[in-house]
Each structure stands twice: as structure tokens, then as C-alpha cells.
Amino acid sequence: MKLIVTANATPFVTGGATYHFEGLVTALQERGHEVETLRFPFTFHPEDSIERLMEWCETLDLTAPNGQQVDKVISLQFPGYGVQHPHHVAWIMHQHRIVYDLYPEAPSEPVQRLHDLIPAFDNRVLARAERLYANSRNVSKRLSRYNSLAAEPLYHPPPLAAHYRTGRAHNYVFLPSRMEALKRQGLVLEAARLWRAPVTCVLAGRGGYLNQNKRFIAEHDLSERVVILEECPDQEKLACYANCLAVIYPPFDEDYGYVTLEAQLAGKPVITCTDSGGPLEFIEDDAEGLVVEPTAEAIADAVDRLWDNQSRAREMGLLGRARYLERDISWDTVVARLTD
């Protein structure tokens with residue numbers, strides 16, 4: 001098939017959305033499809049740039065650009081899923097959350113305007129899609145709650161899925177993620193002050209909260225307990241997963257969360273929180289890991305529990321890996337559903 005895949009391009013920001021997009025394009029190409037990509041330049045500010053992009057996307061007909069017939073369009077992100085095509089499949093990573101579940105109590109006037117515009121846009125353009133999928137149950141639930149739209153959850157594997165391995169547990173916990181408010185590395189740093197286990201916390205990643213996290217470590221004399229790897233090449237990341245005691249992943253209401261799946265592929269238990277969203281689709285308390293309240297005290301206690309009972313921690317990790325494999329999370333499944 002001749003396919004166009006649409007997504008956003010945000011300069012100098014690389015994260016799960018980038019890996020999702022690139023993974024899909026590669027999977028489609030490897031299975032014989034001819035793929036063109038269309039990435040829309042997206043910035044959060046000024047807000048009127050979002051409105052202009054919405055308007056442009058909705059007028060864009062991709063049925064036969066320049067006379068080239070396109071069999072299907074697959075869209076991943078707002079507002080690119082507003083484009084027009086008779087065989088348009090939307091596979092939603094997430095919506096523009098600041099006008100939905102993250103809407104502030106005292107929004108600015110531009111955000112208020114987007115709050116008035118975006119739900120109507122989403123209702124209109126997503127209702128036109130031939131098929132509607134979400135990348136997790138959590139995202140599907142949001143579409144149902146806010147837009148009364150039914151989207152089938154469709155899981156996909158994380159990058160490097162075939163390369164994860166399980167090694168002997170050492171005395172550190174691992175958290176690889178972009179450093180932003182919703183990822184809540186600060187909560188883990190608070191916990192690192194409290195746990196009594198002789199365990200180091202290894203954070204991997206960069207982001208808007210990197211310097212704030214560095215300041216916290218310096219101010220609280222945590223340099224011997226917390227390590228930040230700003231650069232973590234693939235082989236180093238695989239080794240960090242393989243040899244950690246556990247993975248801590250406490251985001252607030254995550255859409256999907258590769259970290260959970262990567263930990264399971266490495267056979268490691270996951271400490272996550274009761275309000276973490278996507279990870280809870282894969283982690284049950286005292287099964288594949290520990291699900292605790294989003295407090296530093298609760299996370300510290302979880303680290304201590306796994307340190308004190310490392311055989312149980314290993315059992316949890318291996319159960320997580322077995323259950324991941326039972327789910328048949330594969331690009332074969334994804335491509336078959338999206339191109340059906």
C-alpha cells in the first residue's frame with residue numbers, strides 16, 4: 001500500500017512520541033508498504049500558532065497529492081489527525097491534554113480559547129476517521145470520557161525490544177525518562193533521602209527539569225546516593241536495565257510509558273504509583289512490581305521492601321516478563337490492524 005503517516009515535529013525534543021512514530025514507519029516499510037511521512041511543526045506557545053495549525057490540517061486533503069493516489073493515511077497526534085482522506089486511521093498517542101485532564105484551575109485567556117476550540121475540533125475530525133485506535137487503555141478512556149469516542153487500545157513494543165536481557169541485580173534502582181514535571185523525578189529524589197537500603201538511584205535523561213534536579217541533589221547532599229546520566233546510549237541503557245534491583249517509574253497519569261515495558265523485557269520489577277495511568281495496565285501490586293501512593297515515603301518503603309527481599313523482587317520481574325510475552329505486543333499485530 002501507499003501510505004502517509006502524520007505526526008508532529010518539535011525541534012530538539014526527543015521522547016516516546018518520536019520513537020513511536022519512527023517505530024511505526026520502520027515497521028510498515030519492513031512489511032512491504034511504501035511510506036511517506038508528514039510532520040507538522042508544533043509548538044505550545046504562542047497558543048494562536050496551535051489554532052492556525054488546526055485550521056490548516058483540517059483543510060489538507062491527502063487523497064491524491066499532486067496526482068499521487070494514497071491508499072491510506074495513519075495519524076498519530078493532534079492536530080495532524082485533522083487531515084482528510086477517505087481511508088484515514090487515527091492511532092492516538094494523546095490529545096492536547098492542557099484543555100482536557102490537565103486543564104488548569106486558573107487558565108490564561110489563550111488557553112481558555114483553546115479549551116473552547118479543541119474539543120469541538122477533536123469531536124469533528126476524529127468522528128470522520130475510518131478507524132480509531134489509542135496507544136493504551138488510559139488514552140482510550142480519556143477519549144471516551146471527554147469526547148464520547150470509542151477507540152480500541154492497540155499496544156506496540158518499545159524500541160530495542162529484542163535486545164533486553166536479564167542480569168544479576170546490583171544495588172541501584174533505575175529511572176530513565178525525560179526530566180519533566182509529569183515524570184516526577186523530584187518525587188524519587190525525595191524518596192532517595194528516606195530509604196535505608198544501601199541503594200543508589202540512577203536517573204537517565206535530560207529535559208526542562210534537569211537543572212532543578214541537579215540543584216536538589218546538591219542542596220541535600222545526595223551526590224553519593226543519586227547519579228544522573230544525561231547521555232545514556234542504547235547499550236548503556238540496556239545494561240542499566242539488566243543489572244538494576246528494580247525500575248522506579250512514578251509519572252502522573254502517563255499515556256502509555258515505554259519504561260514499564262522495557263523493565264518487563266529486562267525481567268525487573270517496577271515501582272509505580274496509584275495515579276500513574278498507563279503503567280497500571282501492566283503492573284499489579286505485589287505481582288509484577290509494587291503500586292504505591294505517590295509520596296516519597298511510600299516509594300522509599302517500596303525500595304526497602306525489594307532490597308530486603310531480593311528473591312521476591314526477582315520473582316516479580318520474571319512474572320512481568322512472562323506476562324509481557326503473553327500479551328503478544330508486536331509490530332506485526334499493529335501493522336495488521338492499521339492496514340486492514
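The shown structure was predicted, so the numbers you read here are calculated from the model rather than taken from an experiment.
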Tell me whether the count of non-hydrogen atoms from other residues, nucleotides or ligands lying under 6.0 Å of CD in Gln84 goes above 12. yes
Rounded to the nearest 0.5 Å, what separates atom CG in Leu175 from atom CG in Leu203? 5.5 Å
Run the ring-ring contact (aromatic ring centres under 6.0 Å, His included) test against His156 and tell me which residues pass, sequence neighbours left out. His20, Trp91, Tyr256, Tyr258, Trp331
His163: partners by ring-ring contact (aromatic ring centres under 6.0 Å, His included), with sequence neighbours left out: none
Sub-3.5 Å donor-acceptor pair from the side chain of Ser140 to the main-chain atoms of Ser136, do we have one? no
Tyr133: what forms a ring-ring contact (aromatic ring centres under 6.0 Å, His included) with it, not counting sequence neighbours? none
Hydrophobic cluster identity match, Leu126 and Leu62, side-chain contacts under 4.5 Å: yes
Could you go through Arg312 and Glu315, starting from their C-alpha distance and side-chain angles, then the distance that decides it, and tell me whether this counts as salt bridge (charged side-chain N to carboxylate O under 4.0 Å, His left out)? CA-CA 5 Å; Arg312 178 62 183 141; Glu315 289 173 0; 3.2 Å; yes
Pairing donors with acceptors under 3.5 angstrom, does anything connect the side chains of Tyr100 and Asp122? yes
Do side-chain atoms of Asp304 reach the backbone of Ala197 as a donor and acceptor pair under 3.5 angstrom? yes
Pair Tyr103-Ile98, side chain to side chain contact (heavy atoms under 4.5 Å, CB included): steps then yes or no: CA-CA 5 Å; Tyr103 190 58; Ile98 196 169; 5.5 Å; no
Look only at the side chain of Asn8 and the backbone of Phe78, and say whether a donor-acceptor pair between them is shorter than 3.5 Å. yes
Apply side chain to side chain contact (heavy atoms under 4.5 Å, CB included) to residues His170 and Cys244 and explain how you reach the verdict. CA-CA 5 Å; His170 292 263; Cys244 66; over 6 Å; no
Can Ile248 be reached from Leu238 by stepping across I, L, V, M, F, W or Y side chains whose heavy atoms are under 4.5 Å apart? yes
One thing to verify: whether Arg196 and Asp301 come together as a salt bridge, which I'm taking to mean a side-chain N less than 4.0 angstrom from a carboxylate O. no
Quick one, Arg128 and Glu58 - any side-chain contact, counting heavy atoms below 4.5 Å? yes
So Val188 and Cys201, do their side chains get closer than 4.5 Å, heavy atoms only? yes
Are the side chain of Asp61 and the backbone of Thr63 linked by a donor-acceptor contact shorter than 3.5 Å? yes
A side-chain contact here means heavy atoms from C-beta on lying under 4.5 Å apart; do Asp275 and Glu293 qualify? no
Donor-acceptor contact below 3.5 Å, side chain Arg337 vs main chain Thr333: no
Test item: Tyr81 and Thr6 side chains (from C-beta on) under 4.5 Å apart, heavy atoms: no
Audit row: Val83, Phe40, side chain to side chain contact (heavy atoms under 4.5 Å, CB included) steps and yes/no: CA-CA 11 Å; Val83 301; Phe40 301 104; 3.9 Å; yes
Around Glu34, counting heavy atoms of other residues, nucleotides and ligands shown, do more than 12 lie under 6.0 Å from its CD? no
For residues Val226 and Ala192, report the shortest heavy-atom separation together with the two atoms involved. CG2-CB, 4.0 Å
Give a yes or no answer on whether the side chain of Lys268 reaches the backbone of Gly167 with a donor-acceptor pair at less than 3.5 Å. yes
Asp221, CG: over 12 other non-hydrogen atoms inside 6.0 angstrom: no
Apply salt bridge (Lys or Arg N to Asp or Glu O under 4.0 Å) to Arg145 and list each qualifying residue two or more places apart in sequence or on a separate chain. none
If I compare all heavy atoms of Ala263 with all of Val247, which pair ends up nearest, and what's the gap? CB-CG2, 3.6 Å
Might you work through the side chain to side chain donor-acceptor pair (under 3.5 Å) test for Asp253 and Asn138, ending with a clear yes or no? CA-CA 8 Å; Asp253 200 24; Asn138 199 32; 2.9 Å; yes
Parallel, tilted or perpendicular: ring planes of His87 versus His85, cut at 30 and 60 degrees: tilted
With a 6.0 Å cut-off on ring centres, are Phe44 and His96 close enough? yes
Of all heavy-atom pairs linking His115 and Val99, the shortest is CD2-O, 3.2 Å
Counting only N and O atoms by type, is there a donor-acceptor contact under 3.5 Å from the side chain of Ser49 to the main-chain atoms of Pro46? yes
Shortest non-hydrogen separation from Gln77 to Ala17 and the atoms involved: NE2-CB, 3.8 Å
With a cut-off of 3.5 Å and sequence neighbours excluded, list every side-chain donor-acceptor pair involving residues 210-219.
from	atom 1	to	atom 2	distance (Å)
Asn213	ND2	Tyr209	O	3.2
Lys214	NZ	Glu230	OE2	2.5

Could you report the tightest heavy-atom contact between Pro250 and Ile299, atom names first, then the distance? CB-CD1, 4.2 Å
Closest approach of Met316 and Leu306, non-hydrogen atoms and distance? SD-CD2, 4.0 Å
Pair Leu114-Ile50, side chain to side chain contact (heavy atoms under 4.5 Å, CB included): steps then yes or no: CA-CA 8 Å; Leu114 290 179; Ile50 298 174; 4.1 Å; yes
Show your reasoning for whether salt bridge (charged side-chain N to carboxylate O under 4.0 Å, His left out) applies to Glu262 and Lys237. CA-CA 10 Å; Glu262 291 167 345; Lys237 184 173 81 167; 3.5 Å; yes
With Tyr241, which of Phe174, Tyr172, Tyr249 fulfils ring pair (Phe, Tyr, Trp, His ring centres under 6.0 Å)? Phe174
Side chain to side chain donor-acceptor pair (under 3.5 Å) partners of Ser311, counting only residues at least two apart: Asn309
Should Met54 and Leu60 be regarded as members of a common hydrophobic cluster, given that ILVMFWY residues are connected when their side-chain heavy atoms come within less than 4.5 Å of each other, either directly or indirectly? yes
Just wondering, do His220 and Glu190 contact through their side chains at under 4.5 Å, heavy atoms? no
Please determine whether a side-chain nitrogen of the Lys or Arg among Arg206 and Glu231 lies less than 4.0 Å from a carboxylate oxygen of the Asp or Glu. yes
Hey, are Asp48 and Arg113 close enough for a salt bridge, meaning a charged N less than 4.0 Å from a carboxylate O? no
Arg323 to Phe282, cation-pi by 6.0 Å centre distance and 45° axis angle: no
Give the intermediate values and the outcome of side chain to side chain donor-acceptor pair (under 3.5 Å) for residues Glu281 and Tyr155. CA-CA 11 Å; Glu281 299 175 33; Tyr155 296 137; 2.4 Å; yes
Please tell me if the side chains of Leu265 and Arg165 come closer than 4.5 Å, counting only heavy atoms from C-beta onward. no
Compare all side-chain heavy atoms of Leu149 with those of Ser144 and state whether any distance is below 4.5 angstrom. no
For side chain to side chain donor-acceptor pair (under 3.5 Å), just list the numbers for Asn123 and Asn147, CA-CA rounded to whole Å, side-chain angles, deciding distance to a tenth of an Å, and then say yes or no. CA-CA 6 Å; Asn123 292 341; Asn147 306 91; 2.9 Å; yes
Would you say Ser276 and Glu254 make side-chain contact, with heavy atoms under 4.5 Å? no
With distance as the sole test, does Asp255 use its side chain to make a donor-acceptor pair with the main-chain N or O of Val139 at under 3.5 Å? no
